[in-house]
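Here's the structure, in structure tokens; my notes come after.
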2 protein chains.
Amino acid sequence: MAGRPKIFEEKDVVEKAVGVFWSKGYEAASADELLAAMGIGKGSFYLAFKGGKKELYEKSLQFFSETYDRQLLRDLANSDDQIKFIKDFFMSLADAPEAKIMKGCYLGNALVQLSEIDHDTKAIAATLLAKTEAIFTAVIRKAQQEKKLKNSTRAEVLGKYLINLWNGVNVTRRSHPDYEVLKEMLEMSLEVLK
Amino acid sequence: MAGRPKIFEEKDVVEKAVGVFWSKGYEAASADELLAAMGIGKGSFYLAFKGGKKELYEKSLQFFSETYDRQLLRDLANSDDQIKFIKDFFMSLADAPEAKIMKGCYLGNALVQLSEIDHDTKAIAATLLAKTEAIFTAVIRKAQQEKKLKNSTRAEVLGKYLINLWNGVNVTRRSHPDYEVLKEMLEMSLEVLK
DNA sequence: TTTATTATGTACCAATCGGTACAATATTGT
DNA sequence: ACAATATTGTACCGATTGGTACATAATAAA
């Protein structure tokens with residue numbers, strides 16, 4: 001191999017880009033701002049990402065999803081009561097730090113923020129969110145088989161219920177701080193996991 | 001009074017603007033596109049809306065909310081079983097036309113689409129969404145008082161539960177068409193209204 | 001040391017953004 | 001008829017958008 005050496009790893013700069021896209025949204029995140037956060041110039045960027053901003057965004061969705069799901073699966077594997085883990089996981093949404101609250105779900109945001117033109121990018125986000133849903137579904141199915149969950153509703157339905165709860169809370173909690181009611185609402189929502 | 005006559009009513013053009021903002025999002029809706037839909041020129045627009053695009057958007061949120069809530073209250077008033085009405089209302093989300101599905105909730109979109117800079121506009125959307133939540137809460141409180149609802153969970157919590165279900169479904173149903181599971185999930189979610 | 005190759009930084013691009021300036025136009029009051 | 005007034009349409013604005021062109025720089029192979 002020859003040529004001038006690269007000064008960055010794709011994974012690293014994509015991760016940096018996630019931060020900008022997450023707090024600004026796809027449209028509002030300017031190329032300059034992204035490049036500043038990524039620490040590279042336009043020359044490098046448009047050589048590495050021929051698809052420009054859109055390719056970067058799609059890769060950032062992919063990267064985020066993989067990282068997030070991997071961590072979730074690891075945490076689940078380390079837990080001796082997976083249903084309780086999921087409950088705690090959702091309850092923690094009620095008292096997350098303000099900054100995190102306002103950012104919502106990275107994939108859910110994509111679904112809501114992207115205009116009709118980018119429906120292929122939207123489809124990517126939908127597929128990735130479905131993966132997380134599938135993780136929930138698998139946990140529930142396993143718990144049902146092991147008789148650790150009495151609720152006999154189809155696992156896919158309960159999985160959908162949980163991802164929907166996730167999507168909802170990530171919008172709802174952006175409203176005025178109603179954290180006491182929000183917490184009670186979450187507890188009530190999780191009553192089905194019994 | 002003197003002067004050249006106005007060729008539009010504010011309410012009318014604001015309503016037209018809702019359509020553009022709803023399908024494009026706040027940022028992506030260009031001033032030109034909005035004006036084209038509104039059927040007026042820049043001269044008229046910036047005279048009537050000194051705050052420009054932002055004022056128009058905030059007024060569109062206001063207009064939408066008022067129209068929507070008024071209709072909702074009217075439908076509720078005309079219903080002899082308000083709890084059943086709410087159930088049907090939510091169930092109808094599962095098989096709405098594709099175009100409507102992809103647009104989500106106008107107020108929820110604002111909460112998710114607006115960047116940190118427009119947090120005052122976001123606050124408006126949050127307040128308006130809280131009004132709809134209050135309608136749900138009131139219906140539930142009344143039904144509890146009239147013993148038409150056995151569930152004794154605090155009405156505010158159930159109201160939050162419903163608005164959260166609303167927010168969730170408006171994100172979730174944008175994913176791949178999983179309508180069978182979505183419908184079952186909704187039925188399950190509405191089991192608490194008994 | 002030269003050559004081929006790849007990456008980098010910068011200057012630059014047309015297009016579009018939201019918004020303004022202002023002359024032309026249409027009305028009411030005198 | 002003529003002013004006073006309010007609205008309209010249009011030409012134009014600087015700023016910013018995402019993206020490109022290209023000379024320069026840094027490496028490996030010959």
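Per chain, numbering begins at 1; letters A, B, ... match sequence-line order.
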Original post:
Within this structure, what is the CG-to-P distance between A/Leu47 and C/dT10, rounded to whole angstrom?
Top reply: 17 Å

**OP:** Could you state the atom-to-atom distance from CG of B/Leu34 to P of C/dG18 in whole Å?
**Re:** 8 Å

Subject >> Salt-bridge criterion met for A/Asp81 and A/Lys87 (N-O under 4.0 Å) >> reply: no

Original post:
What integer distance in Å separates B/Asp32:CG from C/dC17:P?
Top reply: 6 Å

Original post:
A/Leu35 has an atom CG; how far is it from atom P of C/dT10, in whole Å?
Top reply: 13 Å

Subject >> A/Tyr57 OH - D/dG18 P separation (whole Å) >> reply: 14 Å

Original post:
Can you tell me how far P of C/dA26 sits from CZ of B/Phe8, to the nearest Å?
Top reply: 17 Å

Original post:
Hey, is the side chain of A/Lys53 pairing donor to acceptor with the base of D/dG19 inside 3.5 Å?
Top reply: no

**OP:** For A/Met38 and D/dG18, give me the distance from atom CE to atom C1', rounded to whole Å.
**Re:** 14 Å

Subject >> Which residue lies more 5' along DNA chain C, comparing A/Arg4 with B/Glu33 via nearest heavy atoms >> reply: A/Arg4

**OP:** Give A/Ile7 one of three labels, base, sugar-phosphate or nothing, depending on what nucleic acid heavy atoms sit under 4.0 Å from its own.
**Re:** sugar-phosphate

Original post:
When you check the gap from the basic side-chain N to the acidic O, do B/Glu133 and B/Lys160 get nearer than 4.0 Å?
Top reply: yes

**OP:** Would you please indicate yes or no on a ring centroid separation below 6.0 angstrom for A/Phe136 and A/Trp166?
**Re:** no

Original post:
Taking N and O atoms by type only, does the side chain of A/Lys42 place a donor or acceptor under 3.5 Å from a partner on the base of D/dG19?
Top reply: yes

Original post:
Between B/Asp12 and B/Lys16, is there a side-chain N and carboxylate O pair less than 4.0 Å apart?
Top reply: no

**OP:** Given side-chain hydrogen bond (donor to acceptor under 3.5 Å, both in side chains), test A/Gln71 with A/Arg74 step by step and report yes or no.
**Re:** CA-CA 5 Å; A/Gln71 183 62 43; A/Arg74 183 158 37 210; 3.1 Å; yes

**OP:** Could you pick out which residue, A/Gly43 or A/Ala28, lies toward the 5' side of DNA chain D when each is mapped onto its nearest nucleotide?
**Re:** A/Ala28

Original post:
For C/dG19, does OP1 or OP2 lie under 4.0 Å from any side-chain N or O of B/Tyr46?
Top reply: yes

Original post:
Hey, does the side chain of B/Ser44 come within less than 4.0 Å of D/dT7's phosphate (OP1/OP2), counting only N and O?
Top reply: no

**OP:** Could you state the atom-to-atom distance from NZ of B/Lys50 to P of C/dA21 in whole Å?
**Re:** 13 Å

